[in-house]
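The structure appears below as structure tokens.
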Amino acid sequence: MTTFLGMPSVLRADGAEVADGLPGAQGNVFEREPFPQYASRELEDEQLRRNLGHATKTIREKRLGAVAELPDWEDLRDSGAAIKQRVMAELPDLLEQFADAFEARGGHVHWARDAEEANSIVRDLIEENAPILGNGRREVVKVKSMATQEIGLNEYLEPHGIDAFETDLAELIVQLGDDLPSHILVPAIHKNRSEIRDIFLEGIPGVDPGLTDEPAKLAEAARQHLRHKFLTTKVAVSGANFGIASTGTLGVVESEGNGRMCLTLPETLITVMGVEKLLPQPEDLEVFLQLLPRSSTAERMNPYTSFWTGATAGDGPQNVHVVLMDNGRSRALADEWGRSALNCIRCSACMNVCPVYERTGGHAYGSTYPGPIGAILSPLMTGVQAEENNSLPYASSLCGACFDACPVKIDIPSILVHLRGEDVSTTQEGESATERVRDATSSSGQLSAGLAAASWAMADGRRIALAERALPIAAALTRLTGGISRLPGVVGKWTSSRDIPALPDQSFRNWWRKTRGTDADAIAAQQEAGAGAGAGAGAGAGAGAGAGDDHGSQNEGDAR
Amino acid sequence: MRIALFATCIVDAMYPEVARDTVTILERLGHEVVFPERQACCGQMHVNSGDFAGAVPVVEGHVRAFEDGPDWDVICAPSGSCAASAGHQQPMIARRAGDDDLANRAEDLAGRTYELSQLLTDVLGITDAGEQLGSYFPHAVTYHPSCHGMRILRLGDRQRDLLSTVQDIDLRELPQADQCCGFGGTFSMKNAEVSTAMLEDKAENVVSTGASLCTGGDASCLMHIGGGLSRTGARSPRGEVGTVHLARILASTREKPLLPPRSEPLLSGGSLR
């Protein structure tokens, strides 16, 4: 039962059939290769692991302190989640409210179904409003924005003769280094100070060749580089942290003031905002302006908070635009188990507490949105059956640290599990259990064959009891070596770095039956299980279970 | 009180001594323990691997085993993760399969299911393990709080408090204790390298305490941590470093010590046997 909840014009105008109702996202929201492969390469980079380990540990500890200061933190989280839940339930109405209010105050509203539409709207606006410079190209300054990273705006504009300058310090580092962001809040988290100095020496024209890696010196070099751009560029592009539906107000929070420069100095301001960023009314900011800075930078309040409502004569940009972008959000919204992922306010707390992210960094996730939230948001936006994103839901040990840290209470572990279910049911369609067992040459084939066998065996303890009769023989074998250090097939992935203890002589249930159970029970149970084993093996449920049955029969005398 | 033991599949097959020690502790307190023999597994491995269809018969089997077996007042599991799965995942799996009746029955059982330290603390009123259980373990031990007990069951300090009141125990703080050990079920195979990187850090933190044993409430995580310690040949001043379930420490007494004073633990694959 898919209810259409998204923005008013997202369905394809030509009425063409889309895979499962709603179109998936385009742009930088895909894995570049399966997560385990990318991750294992990143793990070999010791400098990267040191940089990430140091940075995430520092932010983690600071966040705990900032959160502990507020006695009503849990109430704030509940409020944040409730407000966002209301936004998602009323999204079409709130979007129209927002658009009406924004236009009433002299702003211009554009609707974009996907990345392609959003990019071309922005390009048209830039071409109308930014002059061609002496080098034959146009220039825009940018406020740090996830939405424009998502749609790959800079890369799209470049061949169209438009140079987009990132003005956030960390985004600048990434852009000058011809690199990709690896964190949504601190995009250059994977770089340390001396690496940044090298990037500046290489990338900033006319920089002092004696530049040191002192943070103040690095910031000064960036400031010199950017100041000229702020004063001369006619068009700025931003994202938005919030859009207030009742008033048509947009808001950006930041730490450096470079965003404020872009939002106030140019003549034309173009904001690209995902439709889920709305809040119903200004009062809701009371909750979010507490949740966001404490969760992201562990600050009580972020240094720069900018709000603007349309155009104000004689003050700031006079030509103000907003692009309201769907790009897969309606699709995520239609998923009743996953839609709360759209509550995300891009604070990055989940990344900072994630033990997987801490070790792999953000690039391994491929998408603009890395870490735990990315592992659910990207597949929700693109569809998990999109080949490229189906390894992301598995990129977690389901430890739950992200859920605890999330200021809007997105139950990320449960959504990861939901998406694994989607992935498996998609794979299982058109493939019988027998085929899966036969596909036992691949790791995933072995895993699913093992799961099929285990599903049968673990449905009834009496089947397990029979299988466990083999334990004395197995135990004797494993005791010879004092444990197990090498196993074949997919379980070999376990023994690649971990030993397994020698097996016990006797399982608990068989010990219980011998010492506490009654013979009558045992006999009845065994007969019933024996009959069940035959039926299960016949249905091709798995070789492992069948083997257990054989051992059980042979060893029946031992149990008496 | 009559307590139904939910042994969990990994304890039943790999660590039967943990279930036997759980029985010992509960019987020592004067309670009757029953073991519904048709029990097998909570279904978590299937659920977390995305095999929801495969999980349904496992959930059905679990619910039936505890409904049809002998009468009992509460269920006790020596595992936070499996107890959490019973409450957190079983009803969801049943509901998604369209079986509301099974979901309600699973919810009912889960409401009466306790992880060991939860049962001891909240229901049986144990505040001092040495005093009330006679627990005695004269060794340097560090404690890893497993993720699901900590974050789904909200065990808080229950396990640590029980351990800290064991007679003569030298309980040492584990740095970065709340970080996952990297097990995560099939995660340890599907993302083996990342899992191993997490394990290496956990093992390093365990070794840094100088304790000869790392304890906790989940045999699965302990098998993972112990397996890593064993593979790297980690050592403390008392010899090899390994893991031991907290039920074994609580069951250990002066009369029948699990590990006599000043003796080196006898480990197999990193687990105290």
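A, B, ... follow the sequence lines: proteins, then strands. Residue 1 opens every chain. Computed over heavy atoms, backbone and side chain alike; hydrogens, waters and symmetry mates excluded.
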Is a salt bridge present between A/Arg359 and B/Glu193, judged by a nitrogen-to-oxygen distance below 4.0 Å?
no
Between the main-chain N or O of B/Gly228 and the side-chain N or O of A/Asp499, is there a donor-acceptor pair closer than 3.5 Å?
no
Within 45° of the six-membered ring axis of A/Trp512 and under 6.0 Å from that ring's centre, is NZ or CZ of B/Arg20 located there?
no
With a 4.5 Å limit on heavy-atom distance, are the side chains of A/Ser397 and B/Phe187 in contact?
yes
Between B/Ala65 and chain A, which part of the residue has a heavy atom less than 4.5 Å away: side chain, backbone, both or neither?
neither
So that I can tick it off, tell me whether A/Asp404 and B/Arg154 are bridged by a salt bridge, with the cut-off set at under 4.0 angstrom between side-chain N and carboxylate O.
yes
Do side-chain atoms of B/Ser268 reach the backbone of A/Ala502 as a donor and acceptor pair under 3.5 angstrom?
yes
When the aromatic ring centroids of A/Phe508 and B/Phe35 are compared, is their separation below 6.0 Å?
yes
Salt bridge check, A/Arg513 against B/Glu37: does any charged N sit closer than 4.0 Å to a carboxylate O?
yes
Is there a side-chain contact between A/Pro504 and B/Arg273 (heavy atoms, below 4.5 Å)?
yes
Donor-acceptor pair, distance only, cut-off 3.5 Å: does the side chain of A/Arg516 make one with the backbone of B/Val34?
no
Contacting moiety of B/His88, where chain A heavy atoms sit under 4.5 Å
side chain
Before accepting this row, confirm whether a basic side-chain N of the pair B/Arg96/A/Glu336 lies closer than 4.0 Å to the acidic partner's carboxylate O.
no
Is a side-chain N or O of B/His148 found less than 3.5 angstrom from the main chain of A/Leu398, in a donor-acceptor match?
yes
Under a plain distance cut-off of 3.5 Å, with no hydrogens placed, do B/Ser195 and A/Arg498 share a side-chain donor-acceptor pair?
yes
Any side-chain heavy atom of A/Phe35 within less than 4.5 Å of one from B/Lys190?
no
